[in-house]
Every structure is written in C-alpha cells, then in structure tokens.
*Asks:* 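One structure coming up, written as structure tokens, with questions to follow.
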Amino acid sequence: MTTDERLDRLTGIVEALAASVVAHDNQIDALIKLAEKHAREMADLRRQWQAYLNTLPKQ
C-alpha cells in the first residue's frame, strides 16, 4: 500500500468519524430539547393539579 493510498484511507476514516460526531451532537441536542419540553409540561401539569386541588373543599 502506497503512502497516497494510506492517506486516502485515513482521510476516509477521519471524515466518517467527523460525520459520526456531528450525528451524535444532533442526537444530544434533540434529547436536550425533549427534556426541556418535558420539564415545561411537568411544571404546567403541576400547576394545573394544584389549581384543581385548591378548588376542593377543605376537610
């Protein structure tokens, strides 16, 4: 295998690795956004339940 062939092979490996890192970063970003949405929805649900509980007669 010549030096040029090795460099071409190494270039392909590095490009594949870079693409993998970008895909991983995109997955992490999507998970963070989903977690933030979930947290907002849980906070809203907590407020709704508290408002409902406040309407119940005191015992």
Side-chain angles (χ1 to χ4, degrees):
M1 185 178 285
T2 69
T3 302
D4 285 340
E5 290 171 334
R6 288 181 181 181
L7 284 174
D8 288 342
R9 185 175 177 202
L10 183 57
T11 299
I13 292 168
V14 170
E15 288 172 351
L17 180 59
S20 176
V21 168
V22 169
H24 187 256
D25 286 350
N26 291 340
Q27 288 176 334
I28 290 172
D29 187 47
L31 287 172
I32 289 170
K33 288 178 182 176
L34 184 61
E36 290 170 346
K37 180 183 175 191
H38 178 71
R40 285 190 304 271
E41 290 173 352
M42 289 301 297
D44 187 46
L45 186 58
R46 240 182 258 114
R47 282 190 295 275
Q48 289 176 21
W49 269 105
Q50 189 60 53
Y52 168 72
L53 293 173
N54 289 338
T55 66
L56 296 177
K58 304 289 184 217
Q59 292 187 7

*Asks:* Which value, rounded to the nearest 0.5 Å, describes the distance between M42 atom CE and R46 atom CZ?
*Replies:*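 Answer rounded to 0.5 Å: 5.5 Å.
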*Asks:* To the nearest 0.5 Å, how far apart are CG in D4 and OG1 in T11?
*Replies:*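 Separation between the atoms: 10.0 Å.
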*Asks:* Cluster question for you: counting only ILVMFWY and a side-chain heavy-atom cut-off of under 4.5 Å, with indirect links fine, are L45 and L56 together?
*Replies:*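 Same cluster: L45 reaches L56 through Ile, Leu, Val, Met, Phe, Trp or Tyr contacts under 4.5 Å.
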*Asks:* Nearest 0.5 Å, what's the CG-OG1 distance between D8 and T3?
*Replies:*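 Those atoms lie 11.0 Å apart.
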*Asks:* Is the side chain of S20 donor-acceptor paired with the backbone N or O of A16 at a distance under 3.5 Å, no angle test?
*Replies:*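 Answer holds: no.
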*Asks:* With sequence neighbours excluded, give me every ring pair (Phe, Tyr, Trp, His ring centres under 6.0 Å) pair touching residues 21-51.
*Replies:*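 Passing the test, one end in residues 21-51: W49-Y52.
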*Asks:* Name all pairs fulfilling the salt bridge (Lys or Arg N to Asp or Glu O under 4.0 Å) condition that reach into residues 14-34, sequence neighbours left out, sorted by first residue then second.
*Replies:*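 The answer is D29-K33.
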